[in-house]
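This report refers to the structure that appears directly beneath it.
Naming convention: chains lettered A, B, ... in sequence-line order (proteins, then strands); numbering from 1 in each chain.
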Amino acid sequence: MYKAVPAQIDLPAMEHQILHLWDRESVFERSVTQAQGRPLWTFYEGPPTANGTPGAHHVEARVFKDIFPRYRTMKGYFVPRQAGWDCHGLPVELAVERELGFSGKQDIEEYGIAEFNAKCRESVLRHVDEFTAMSERMGFWVDTDTAYWTMNPDYIESVWWSLKTIFDRGLLVQDHRVAPYCPRCGTGLSDHELAQGYETVVDPSVYVQFPVASGPLAEKYPGVSLLVWTTTPWTLVANTAVAVKPDATYAVVRSDGHQFIVAEELIAHVFGEADVEILERLPGTELERTGYHRPFDLVDIPDAHFVILADYVTTDDGTGLVHQAPAFGADDLQTCRAYGLPVVNPIAANGHFDDSIPLVGGQFFKKADETLTHDLKTRGLLFRRDPYEHSYPHCWRCHTPLMYYAQPSWYVKTTAKKDELLEQNEATNWYPPTIKWGRYGDWLTNNVDWALSRNRYWGTPLPIWRCPDDHLTAVGSLAELSKLAGSDVSSLDPHRPFVDEVTISCPTCGQQAGRVPEVIDCWYDSGAMPFAALGYPHRNEDAFHERYPADFICEAIDQTRGWFYSLMAIGTLVFDQSSYKNVVCLGHILDEDGRKMSKHLGNVLEPIPLMDDHGADAVRWFMLASGSPWQARRVGHAAIADVVRRTLLTYWNTVSFQSLYARTAQWQPSDGAPDLHTRPLIDQWLISEAHRLARDVDDALENFDTQRGGRILAAFVDDLSNWYVRRSRRRFWDGDPAALATLHEALRIVTLCMAPYTPFITERVWQDLFRPTDDTAPDSVHLASWPTSDPLIINDDLGEQMALVRRVVELGRAARASSSVRTRQPLSRALVSAPGWSELPDQLVAEVAEELNVRSVDPLGEEAGLVDVSVKPNFRELGSRFGKATPGIARAISEADPTTLVDTIRSRGQATVMVDSAEVEVLPADVIIAESPREGWAVASDSEDSVAIDLHIDEDLRRAGLAREIVRSIQETRKGAGLDITDRINVSWTSADPDIAAVFDVHGSEISGEVLAISLVSVHQADGFLVTTDLPVEIRLQRA
RNA sequence: GGGCCUAUAGCUCAGCUCGGUUAGAGCGCUUCCCUGAUAAGGAAGAGGUCGAUGGUUCAAGUCCAUCUAGGCCCA
């Protein structure tokens, strides 16, 4: 027997019960272990940074990381799901710094690196628990027991091995470059970190006059100035040169009594409405070597301050003259080096101007903008100053504006492998596909070397040792290090500061070598997880080769330059093959107003409260099926509550309905049921649709399309509830085994198909309906296989016929609604005109009659003279045959007499119309024929179908309507009295109205049957429940 | 400045791959119906220049180009 399934359900409470069930019966573990030995389907879990608390966007990614492994497991694959935690990196350090109230690296060093790193480790452990709790609550099945931690020594050793491999290939090098640098964190940032942190800010943009000091122009135009534009006034202190575009035209102009040199194209941009007189035009090349007075004379920069040529200068913005500070710009450095100019950097590593510098000494670089601008103004050198809104890179975690800063750094030469990377990308399936050549491909095409090193503490130490003669030794494991060090360090914590204390003798020269001070970018850690998670190559060699590359990874779109890149880059560099084949790339989650969720705005949706409000299933369904996963989506309580109402509760109601009537009838699935072919057509239809469902959802998930699968599932649930159950209710009341068996099977299939989407409610249903009634059923829906779809059972013709039935019913309902006759009132007949109607089986015609409450439904065509015929051209057909002539022929068809045209086409199979005095043949397919009845009918039509209902009510019909009204009133009273649907009753009635007496006389047994009355007598009763009705009758009922 | 995405009803979104003459759904609103799934269900109504312009075509929400606005990413 089924378990009793209440109509009302508290979804979140039910989910907590299911969580206990899974835990008690180790369902997840069994779902994995029972699949061992089956074909492998590999999923890599991208490790969340164990820093801070999880948000709604984490839920999004995890829903997708869950559904496909569940689906593949049901499809017979072995899908190991190893969790992982990204432990290292700046975010963790920053959180700890905040906790300890530190303001920079100096504080950390005073505190002690060992102690600081111990705090970092603690912090990681704390946050991991929150992620684990969230994952469990949402039903994300991932194995946390075997989780990889990027801070574990095994993991670090694997990372070392890969770095040594890259080093040995000559692709890991140290270089001095201008790179983005966070002065607060005291470290450079890689390009993909840079990508995380662009913020729109308003900076002062200043136009500064640099008086010309030497060269021909100085003599010709005394007092003329170069007009230079910059958005980083602080770099003016280090001004070394001014660059111009060699092939651009520059102009000497006079405005307001002053003379300036500026790019001709930009005169209007610079001077606006002001009067400008052009004194001379000259190419950029002629400005070369023109000397000028620099704006600030604060630091010593010898042999500098003249105009140089550079191709990268543009005349799109500013003045066409670009200020050069080689310490603070990659382009600047390259250009100035070519002219042999010195590189002077007045700013210390902490981002503050050197104390010894006048005016700005000790100031933070950004803060100096104000001081310097003010000073320029006082000295009359500031031509103009505008606020300038642009996006400027900020540190992705601490939000400090970055400086481009010349610094030594270690690089992975990814540019040397660019072609291979592009090749690997070519072989990767992106969902959505546009990412491949769009966002990600574009990024790869513009690839720059990976700035790998960080001058920080809590990270994987760069495993390179250097001797006094600069011989470099890369070390691939602790065992290797032991050998080189001449002492056993195999149980050493490979983190700083311990590893820093290990010295080796240089294999080249024998001198003592120490480790370089840097740690590495934590994106490298996570990108190394395909092998490092298994400790490869030091351990698990077979497992690694089996599981590489992954069949599937999934993250949000912000990872294109993050994890998606680091995985592919490391895979390509180390194994010559990317580490994933399919990648699902999700859009961001926005708040209800379409804004990004952020702590600043206070619009962050906390995942656990959200799931405790609506249920994890609802949140999951929303993420998977509501809107397009690739697109940024708005999420809010209203949208999720809608999912519950529309999909989950409809499904649940159907289950509850089935349970109620199966239990009432003492029916169980093992009782057997009539052969499908002998069941009513609607049963055959439902089973056919269920098999179609299994096929189509399978296909959608095979193609990573959860949205399509969700749409199909939702449509099926709607069919199930609002058509099959609605139409078949009476059979359930009667305990018809065919109906019960049909709905049982349909529910089984839809439950299995929905299980990967909404694992909780489907598990509840499995436990209530399927597990108790089938000894062979697995203990959990998640231990079951995907339902097989039998192509022989899928009946397309029946599907189309049922679609027609539903279309006609809809029109019929509309027709009835347009009249003032209630649906409860039976009517004599409806007439239908629709293509395919005449072939419709009687059973389906009967469905229409019952649904519309009419005694017969007939084809409209039989009623000659009753109908108006209209003919419309079928453009699709005409267009393909007649092309340009289509409009004329269409007009001719519309203007022809429809009755004659249709008669001719029907009798002869074709007709002719006159177009420009030529005859054109019209075939049946060229026209759309619609028929509708004339006066006296309620009619509704759409393009091709129409339904007409005879509104004439005779005595018979009227009394049948009264009987229905009496039945309805009694049912209402039964319900109000709290009777069970199976309770039998005694009914008594009295009425002075002969009409009412006649109703009871003719319809008495029908009424009794409907309301489960064992007696129906005409006597006056004083007790019992009084039935409320507008009819002139007093009815009372009592429980029998 | 570059790349990508988006623009359809008051709101949230389908439809566009593959062009066809009445552009759909849900929510919300109004009216009505049904009621043995009932704190459900159904029907009707109001609500659309399918972002703009130009082009291709017999025919454009759909294809092409340009533009505008918003978003994401990069310079």
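Between A:His614 and A:Phe622, the ring centre distance reaches or exceeds 6.0 Å.
If you take atom P in B:G71 and the same atom in B:C13, they sit 15 Å apart, rounded to whole Å. B:G19 and B:C27: their C1' atoms are spaced 31 Å apart (whole Å). Atom P of B:G42 sits at a distance of 23 Å from the matching atom of B:G47, rounded to the whole Å. B:U17 sits 5 Å from B:C63 when the P atoms are compared, rounded to a whole Å. Distance noted for atom P between B:A59 and B:G20: 14 Å (whole Å). Separating the C1' atom of B:A46 from that of B:U62 is a span of 28 Å, rounded to the nearest Å. Rounded to the nearest Å, the gap between the P atom of B:C58 and that of B:A52 is 24 Å. For the C1' atom pair drawn from B:A25 and B:G2, the interatomic distance equals 38 Å after rounding to whole Å.
Between the CG atom of A:Leu852 and the P atom of B:C34 there is a distance of 14 Å, given to the nearest Å. As a whole-Å value, the separation of A:Asn874 CG from B:A59 P is 17 Å. Residue A:Asn722 contributes atom CG, which lies 11 Å from atom P of B:G26 at whole-angstrom precision. Atom CZ in A:Arg726 sits about 12 Å away from atom P in B:C34, given to the nearest Å. The distance from atom CZ of A:Arg968 to atom P of B:G36 is 8 Å, rounded to the nearest whole Å. Separating the CD atom of A:Glu972 from the P atom of B:C34 is a distance of 11 Å, rounded to the nearest angstrom. Rounded to whole Å, atom C1' of B:A14 lies 13 Å from atom CG of A:Asp705. As rounded to whole Å, 20 Å separates atom C1' of B:C73 from atom NZ of A:Lys436.
For A:Tyr661, the side-chain atoms get nearest to B:G36 when compared with the rest of B:G36, B:G20, B:A14. For A:Lys884, the listed nucleotide lying nearest its side chain is B:C58; candidates were B:U21, B:G41, B:C58. Each of B:U22, B:A40, B:A39 was ranked by its minimum atom distance to the side chain of A:Lys872; first place goes to B:U22. Of the listed nucleotides (B:A40, B:U21, B:G41), B:U21 has the atom at the smallest distance from the side chain of A:Phe875. Comparing B:G36, B:A14, B:G20 by their nearest atom to the side chain of A:Trp733 picks out B:G36. Side-chain atoms of A:Leu1012 lie closest to B:G36 of the nucleotides B:G15, B:G36, B:U21. Of the candidate nucleotides B:A39, B:A14, B:G36, B:A14 has the atom nearest to the side chain of A:Gln707.
The backbone N or O of A:Gly710 lies less than 3.5 Å from no partner atom in the side chain of A:Trp621, so there is not a single donor-acceptor pair.
Here A:Arg711 lies in heavy-atom contact (under 4.0 Å) with sugar-phosphate atoms only. As judged by a 4.0 angstrom heavy-atom cut-off over every strand, A:Glu1010 is placed among the base-contacting residues.
In this structure, B:G47 makes no Watson-Crick or G-U wobble pair, since no nucleotide meets both defining distances under 3.5 angstrom. Pair assignment for B:G41 gives B:C33, based on Watson-Crick or G-U wobble hydrogen-bonding distances that are each under 3.5 Å. In this entry B:U62 has no Watson-Crick or G-U wobble partner, no candidate having both defining distances under 3.5 Å. Remark: B:U68 base-pairs with B:A7. Criterion, Watson-Crick or G-U wobble with two distances under 3.5 Å. Remark: B:G1 base-pairs with B:C74; criterion is Watson-Crick or G-U wobble with both hydrogen-bond distances under 3.5 Å.
Side chains of A:Tyr651 and A:Thr751: a donor on one and an acceptor on the other come within 3.5 Å. A donor-acceptor contact under 3.5 angstrom links the side chains of A:Thr232 and A:Thr235, judged on distance only. For A:Trp723 and A:Asp718, the side-chain atoms include no donor-acceptor pair closer than 3.5 Å.
Side-chain contact between A:Ile893 and A:Val871 is present, with at least one heavy-atom pair separated by less than 4.5 Å.
Among A:Val922, A:Leu923, A:Asp926, the single residue meeting the side-chain contact (heavy atoms from CB on, under 4.5 Å) criterion with A:Leu878 is A:Asp926.
Toward the 5′ end of RNA chain B lies the nearest nucleotide of A:Leu878, the other residue of the pair A:Leu878 and A:Asp734 mapping further downstream.
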